[in-house]
2 protein chains.
Amino acid sequence: MIRVALIEDDADIRDNLMLIIDRAEGFSCRQAFSDVQEAGKSLLNDPPDVLLMDITLPGKMNGIEGVEFLRAAGATFETIMLTVHQEEKLVFDALCAGACGYLTKNTPPNRILDALREAHRGGAPMSTQIARMVVDSFKRTPPPALSEREREVLAELCQGKSYKMVADALYISQDTVRTHIRSIYRKLEVNSKSEAVAKALKERLI
Amino acid sequence: MIRVALIEDDADIRDNLMLIIDRAEGFSCRQAFSDVQEAGKSLLNDPPDVLLMDITLPGKMNGIEGVEFLRAAGATFETIMLTVHQEEKLVFDALCAGACGYLTKNTPPNRILDALREAHRGGAPMSTQIARMVVDSFKRTPPPALSEREREVLAELCQGKSYKMVADALYISQDTVRTHIRSIYRKLEVNSKSEAVAKALKERLI
DNA sequence: GTGCGGGTCGCATGAACATGCGATTCGGAG
DNA sequence: CTCCGAATCGCATGTTCATGCGACCCGCAC
């Protein structure tokens, strides 16, 4: 039996979802709230297995802040965001905050039940466009023509190392490190260590 | 009709997959290879809709290098990795290289067909554990207690800016930037700009 | 009201870094 | 063969940064 809780401000949608889930085989849904504050204590005292939460909520906390808050307060249940929004930023913010799944509101009821099951057994349910968005965020841009050695040096820099530490790690002199870094700066079109590190990490060049 | 190609070195598995896919309603599978070199020309001349590729391949290129190579050569079809390996590093390397999906070899035939359909309509098919791995990689660690202003400064540093540029951007003096950065270093337990940037970007503190 | 942390600013010193101009060796492309 | 890029090293100069030691104001908690 998978125990589900809801946080959704639209009473119609909330009641509807509650009914659908509670009547489904293998599910129970006895907790439904319209905002995170109200939900907090109840969810922490009697934690569900999975929480289904809207992203746009009234009150001080939206859904994303909500996940963050609940997790900080010790919640260990899985949270799935359920929303009309498909903007990349919201998706990534939600996942960063700790949501394990992300569904759009046009998801048919049986898909929602599938998602609840999947979240409960440790998966990460999301609609196909969202999944693609997430996967695409990993895609590396065309290799920026750094030489093997330069990539090694850059990787060391991304560990936060100084010239001296890089030199020691690669068994070369600081002057050689300097030379490599010069080339890296030219190729990446930057002119400081932290700028290079920032670019390397953001564009996954390492 | 979804045209599928295979790259898989085990002849039994390859032939078996080819049969399963080619006989399935709505699919054709007429291209199957045992290594990337061999496959390259054929796949570029007569591109399939989806490529299903093993990750451990004989020859110079493994599956991950293979995706990279094919994409660099102009391939635009979707690639799904099919493998026994579930190590995080391989999964992320594959997605970074440009694979859109990732299945483990114990995936039953009908799930493979689902995955092919999903990839074809722009999704990102992967097994549940993999999806969770991917989603978890986004999770932010507990906010390390940086103040609002410190986060702002850190964010500027992550743009690769110098003290002076940060000062200008935030309308404060360089000395104040210095003070904030001092606090940031203390809280993040680092002692250089690039180390702070590296930590901030890796742990998604911004 | 006495702290304490955040935010603002200042100065001074030594270390780390950026950059310019060298050099040698080696392998591969033309 | 000759040129070029990659990799190694050196030196010198000026800039940026790290850090230590101050200061003041504010709001909030105790």
Side-chain angles (χ1 to χ4, degrees), chain A residues 60 65 69 72-73 142-202 205-206, chain B residues 37 60-61 65 68-69 72-73 142-203 205-206:
Chain A
K60 298 194 239 340
E65 294 159 340
F69 167 73
L146 290 184
S147 76
E148 183 55 30
R149 202 56 164 166
E150 285 158 3
R151 266 194 301 277
E152 285 176 44
V153 171
L154 186 54
E156 297 290 338
L157 290 190
C158 290
Q159 314 283 316
K161 296 189 181 174
S162 67
Y163 284 25
K164 166 144 188 42
M165 291 159 83
V166 175
D168 290 349
L170 300 182
Y171 304 107
I172 55 183
S173 81
Q174 288 191 49
D175 280 313
T176 302
V177 173
R178 236 183 276 284
T179 306
H180 286 309
I181 289 180
R182 246 188 283 254
S183 308
I184 294 171
Y185 286 1
R186 183 171 37 79
K187 292 181 182 175
L188 297 192
E189 302 174 75
V190 300
N191 47 16
S192 80
K193 220 168 56 134
S194 53
E195 210 180 338
V197 169
K199 187 152 192 169
L201 290 177
K202 284 184 193 162
L205 308 181
I206 40 95
Chain B
Q37 280 86 7
K60 300 193 235 344
M61 260 184 277
E65 293 160 339
E68 210 147 16
F69 167 73
L146 290 185
S147 76
E148 183 54 31
R149 204 56 166 162
E150 285 158 3
R151 266 194 301 277
E152 285 176 46
V153 171
L154 186 54
E156 297 290 337
L157 290 190
C158 290
Q159 314 284 317
K161 296 188 180 175
S162 67
Y163 284 24
K164 166 143 189 42
M165 292 159 83
V166 175
D168 290 348
L170 300 183
Y171 305 106
I172 54 181
S173 81
Q174 289 189 48
D175 280 312
T176 302
V177 173
R178 236 183 275 285
T179 306
H180 286 309
I181 289 180
R182 243 187 284 254
S183 309
I184 295 172
Y185 286 0
R186 182 171 37 79
K187 293 180 182 176
L188 297 192
E189 302 175 75
V190 300
N191 48 14
S192 81
K193 223 170 51 139
S194 54
E195 209 179 340
V197 168
K199 186 152 193 170
L201 291 177
K202 284 183 192 163
E203 305 190 6
L205 308 180
I206 39 94

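Every value quoted in this text rests on a predicted model; they were computed, and no experiment measured them.
If you find the closest nucleotide of DNA chain D to A:R186 and to A:T176, the one lying nearer the 5' end belongs to A:R186.
Shown here for B:R151 and B:L146, the closest heavy-atom pair between the two residues is NH1-O, 2.8 Å. Of all heavy-atom pairs between A:V197 and A:L157, the closest is CG2-O, 3.6 Å. The minimum heavy-atom distance linking A:Y163 with A:V177 is given by the pair O-CG2, 4.0 Å. Between A:A198 and B:G160, the shortest heavy-atom contact is CB-N, 4.4 Å.
The phosphate of C:dA15 (OP1 or OP2) has no side-chain N or O of B:K193 nearer than 4.0 angstrom. For B:K161 and D:dC17, the shortest distance from a side-chain N or O to OP1 or OP2 is not below 4.0 Å. Taking 4.0 angstrom as the limit, A:H180 places a side-chain polar atom (N or O) nearer than this to OP1 or OP2 of D:dT8.
Note: CG (A:L157) to C1' (C:dA16) measures 13 Å, nearest angstrom. Whole-Å rounding puts the A:I181 CD1 to D:dG10 C1' distance at 16 Å. When the P atom of C:dA18 is taken as reference, atom CG of A:L188 falls 13 Å away, rounded to whole Å. The separation between A:M165 atom CE and C:dA16 atom P is 11 Å, rounded to whole Å. Between the CD1 atom of B:I184 and the P atom of C:dG5 there is a distance of 17 Å, rounded to whole Å. Rounded to an integer number of Å, the gap from CD of A:E189 to C1' of C:dA18 is 17 Å. A:E195 has its CD atom 10 Å from the P atom of C:dA18, to the nearest Å. The distance from atom NZ of B:K164 to atom C1' of D:dT16 is 13 Å, rounded to the nearest whole Å.
Side-chain contact between A:L170 and A:H180 is absent, with no heavy atoms from C-beta onward closer than 4.5 Å. Side-chain contact between A:E150 and A:L154 is absent, with no heavy-atom pair separated by less than 4.5 Å.
More than 12 heavy-atom neighbours from other residues, nucleotides or ligands sit within 6.0 angstrom of NZ on B:K202.
Within the 4.0 angstrom heavy-atom criterion, only backbone atoms of the sugar-phosphate kind lie near B:S147; the bases stay farther away.
Although no hydrogens or angles enter the test, the distance criterion places a donor-acceptor pair under 3.5 Å between the side chain of B:K193 and the main chain of B:K161. For A:K199 (side chain) and A:L188 (main-chain N/O), a donor-acceptor pair under 3.5 Å exists by modelled atom type.
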Any N/O pairs under 3.5 Å between the protein and nucleotides 19-22 of chain C? List them or say none.
residue	atom	partner	partner atom	Å
C:dG20	N7	A:R182	NH1	2.6
C:dG20	O6	A:R182	NH1	3.3
C:dG20	O6	A:R182	NH2	3.4
C:dC21	N4	A:R182	NH1	3.4
C:dC21	N4	A:R182	NH2	3.3

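For DNA chain D, the neighbouring residues in residues 167-175 of chain A, judged by any heavy atom under 4.0 Å, are A:I172, A:S173, A:D175.
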